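Input: a single structure, listed below in structure tokens.
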Amino acid sequence: GAVVSQHPSWVICKSGTSVKIECRSLDFQATTMFWYRQFPKQSLMLMATSNEGSKATYEQGVEKDKFLINHASLTLSTLTVTSAHPEDSSFYICSARMSGGATDTQYFGPGTRLTVL
Amino acid sequence: LAKTTQPISMDSYEGQEVNITCSHNNIATNDYITWYQQFPSQGPRFIIQGYKTKVTNEVASLFIPADRKSSTLSLPRVSLSDTAVYYCLVGGRNDYKLSFGAGTTVTVRA
């Protein structure tokens, strides 16, 4: 149980184009999902918190107009990198929050490698 | 968010037990402790979570002393495939955002 998927697993795009990444919780419902970014040899950095049916909350320094987040259902959140540039090349990872009873745990997707040429 | 401190790296050999201690002096009453494992180019994988005392599952044990200001992840009889970065995170129901530190890079040698 507690499986989170991401699609695509990797994408290469030209500078100036937009890229959409999907994050799905496959066997549980997640009212809250999170998007992280990880650069080589660095730790994960939280970009935004995605709440089902409401606007995402962005961390300081993250451009909300560049990284569009939509959480349309309890099992799907999408991150769209608009007008991507080479500096946006990174490893993007989502997580879905499973809460209930005595636990509250985030389960992570496998990540999406974005390369902007 | 409670800050955590853990060793940057640890070396071990196959078959040995690896213990990684994490300090979280400012842990709040509602906070619980979660450990993740990450391999290169993969998302973090949930290992174990606990609030107090000891928790054990099929892959690890988590020891939490009474003051909860630290915790120790114990990996029994490691193998080469356990070489990874291990993250200790603290969070609670009221503050469920996770703040990742640098983690501990565990290297298992033959």
Side-chain angles (χ1 to χ4, degrees), chain A residues 1-7 9-10 21 23-26 28 30-51 56-60 62 89-115, chain B residues 1-9 22 27-53 55-60 62 64 83-107:
Chain A
V3 178
V4 177
S5 70
Q6 280 184 243
H7 179 80
S9 56
W10 60 270
I21 303 170
C23 176
R24 294 182 184 271
S25 55
L26 299 184
F28 66 100
T31 55
T32 307
M33 291 184 173
F34 303 85
W35 287 95
Y36 296 80
R37 182 166 51 180
Q38 186 174 33
F39 292 106
K41 297 192 182 301
Q42 294 186 21
S43 189
L44 284 77
M45 291 177 51
L46 178 65
M47 298 175 66
T49 301
S50 169
N51 295 298
T57 304
Y58 292 82
E59 295 300 301
Q60 190 172 11
V62 178
S89 297
S90 188
F91 192 52
Y92 291 86
I93 309 170
C94 72
S95 71
R97 178 188 176 209
M98 175 189 281
S99 61
T103 61
D104 194 317
T105 306
Q106 285 187 37
Y107 293 92
F108 288 81
T112 297
R113 175 76 59 192
L114 170 63
T115 302
Chain B
L1 297 172
K3 183 179 178 179
T4 61
T5 303
Q6 50 184 123
I8 294 296
S9 63
C22 177
I27 190 168
T29 303
N30 289 335
D31 288 344
Y32 36 84
I33 301 144
T34 311
W35 285 80
Y36 292 90
Q37 174 193 56
Q38 186 181 29
F39 298 111
S41 296
Q42 294 187 26
R45 182 178 77 102
F46 172 84
I47 300 175
I48 199 166
Q49 183 179 80
Y51 184 80
K52 59 181 179 181
T53 62
V55 180
T56 297
N57 61 22
E58 62 276 10
V59 298
L62 179 59
I64 306 169
T83 294
V85 179
Y86 292 82
Y87 294 99
C88 162
L89 294 111
V90 172
R93 284 188 171 278
N94 297 326
D95 183 12
Y96 44 80
K97 289 198 299 185
L98 298 178
S99 178
F100 280 79
T104 298
T105 299
V106 172
T107 303

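Just so it is clear, the model here is predicted, and its values are computed rather than measured. In what follows, chains are A, B, ... by sequence order, proteins preceding strands, each numbered from 1.
- Note that CD1 of B:Ile48 and OG1 of A:Thr105 are 11.0 Å apart. Values are rounded to the nearest 0.5 Å.
- Shown here for B:Pro44 and A:Leu44, the closest heavy-atom pair between the two residues is CG-CD2, 3.8 Å.
- There is no contact between B:Thr105 and chain A, counting heavy-atom distances below 4.5 Å.
- Heavy atoms of A:Ser9 lying under 4.5 Å from chain B are absent altogether.
- B:Tyr36 and A:Phe108 have perpendicular rings, their planes meeting at more than 60° on a 0 to 90° scale where under 30° would count as parallel.
- Atom CD in B:Gln42 sits 11.0 Å away from atom CD in A:Gln38 (nearest 0.5 Å).
- The side-chain heavy atoms of A:Ile93 and B:Gln38, taken from C-beta on, include a pair separated by under 4.5 Å.
- Residue B:Tyr51: no heavy atom, backbone or side chain, is found under 4.5 Å from chain A.
- With rounding to the nearest 0.5 angstrom, the CZ atom of B:Phe100 is 9.0 Å from the CG atom of A:Leu46.
- Interatomic distance, B:Leu98 CG to A:Phe34 CZ, rounded to the nearest 0.5 Å: 6.5 Å.
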